[in-house]
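These values consider heavy atoms only, across backbone and side chains, with no hydrogens, waters or symmetry-generated copies. The structure presented is a predicted model; accordingly, all values stated were derived computationally and were not measured.
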Amino acid sequence: QVQLVESGGGLVQAGGSLRLSCAASGRTFRSYTMAWFRQAPEKEREIVASITWSGGNTYYSDSVKGRFTISRDNAKNTVYLQMNSLNPADTAVYYCAARVSSRVRVRPDEYDTWGQGTQVTVSS
């Protein structure tokens, strides 16, 4: 089982960029499909992006496609979310998630390991 710690959130103006990082402990990081979810106040947690252990397969929600990029560095046990062209609708707590898998997964109930979350606030 890995443990996940997110960082990189903050306050940014609309049109700006942020890069989130999720550092994982544990020696089996390479076995895990990783994902970023987000949850805005009074809304359900939703998938943002997912990436397989090799990085060969990725998934993006329609709302972030073309603006966000998920990537991973298995040597550093870290997954990243580069967020560009941010807008106020992107404001949420962003969570890193993991599960042992060979394919991308998009539902929160498919993941068994979660980070504590990092706040992203986009001002207009």
Between [X] and [Y], what is the shortest heavy-atom contact and its length?
{"X": "Val2", "Y": "Ala98", "answer": "CG2-CB, 4.1 Å"}
{"X": "Gln119", "Y": "Thr91", "answer": "NE2-CG2, 4.0 Å"}
{"X": "Lys65", "Y": "Asp62", "answer": "NZ-OD1, 3.3 Å"}
{"X": "Pro88", "Y": "Ser124", "answer": "CG-CB, 3.9 Å"}
{"X": "Thr33", "Y": "Val104", "answer": "CG2-CA, 4.1 Å"}
{"X": "Glu6", "Y": "Gly117", "answer": "OE1-N, 2.9 Å"}

Start with the C-alpha gap between Thr118 and Val93, add the side-chain angles, then the distance that decides, and say whether side chain to side chain contact (heavy atoms under 4.5 Å, CB included) holds. CA-CA 5 Å; Thr118 186; Val93 177; over 6 Å; no
Roughly how far, to the nearest 0.5 Å, is the [atom2] atom of [Y] from the [atom1] atom of [X]?
{"X": "Ile47", "Y": "Arg45", "atom1": "CD1", "atom2": "CZ", "result": "11.0 Å"}
{"X": "Asn84", "Y": "Phe68", "atom1": "CG", "atom2": "CZ", "result": "8.5 Å"}
{"X": "Asp112", "Y": "Tyr32", "atom1": "CG", "atom2": "OH", "result": "6.5 Å"}
{"X": "Ser63", "Y": "Asp90", "atom1": "OG", "atom2": "CG", "result": "7.0 Å"}
{"X": "Asn87", "Y": "Gln13", "atom1": "CG", "atom2": "CD", "result": "13.5 Å"}
{"X": "Arg103", "Y": "Tyr59", "atom1": "CZ", "atom2": "OH", "result": "12.5 Å"}

Does a side-chain heavy-atom distance below 4.5 Å link [X] with [Y]?
{"X": "Val120", "Y": "Leu20", "answer": "yes"}
{"X": "Tyr60", "Y": "Thr69", "answer": "yes"}
{"X": "Thr52", "Y": "Met34", "answer": "no"}
{"X": "Trp114", "Y": "Pro108", "answer": "yes"}
{"X": "Ser50", "Y": "Tyr111", "answer": "yes"}
{"X": "Ser17", "Y": "Met83", "answer": "no"}
{"X": "Trp53", "Y": "Arg72", "answer": "yes"}
{"X": "Ile70", "Y": "Trp36", "answer": "yes"}

Treat each ILVMFWY residue as a node, draw an edge where side-chain heavy atoms are under 4.5 Å apart, and state whether [X] and [Y] are in one component.
{"X": "Val100", "Y": "Val79", "value": "yes"}
{"X": "Val12", "Y": "Leu81", "value": "yes"}
{"X": "Leu4", "Y": "Tyr95", "value": "no"}
{"X": "Phe37", "Y": "Ile51", "value": "no"}

Can a salt bridge be assigned to the pair Arg38 and Glu46 using a cut-off of 4.0 Å between side-chain N and carboxylate O?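 Result for this pair is yes, salt bridge flagged.
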Is the count of non-hydrogen atoms from other residues, nucleotides or ligands lying under 6.0 Å from Gln116 atom CD greater than 12?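 Check passes, neighbour count above 12.
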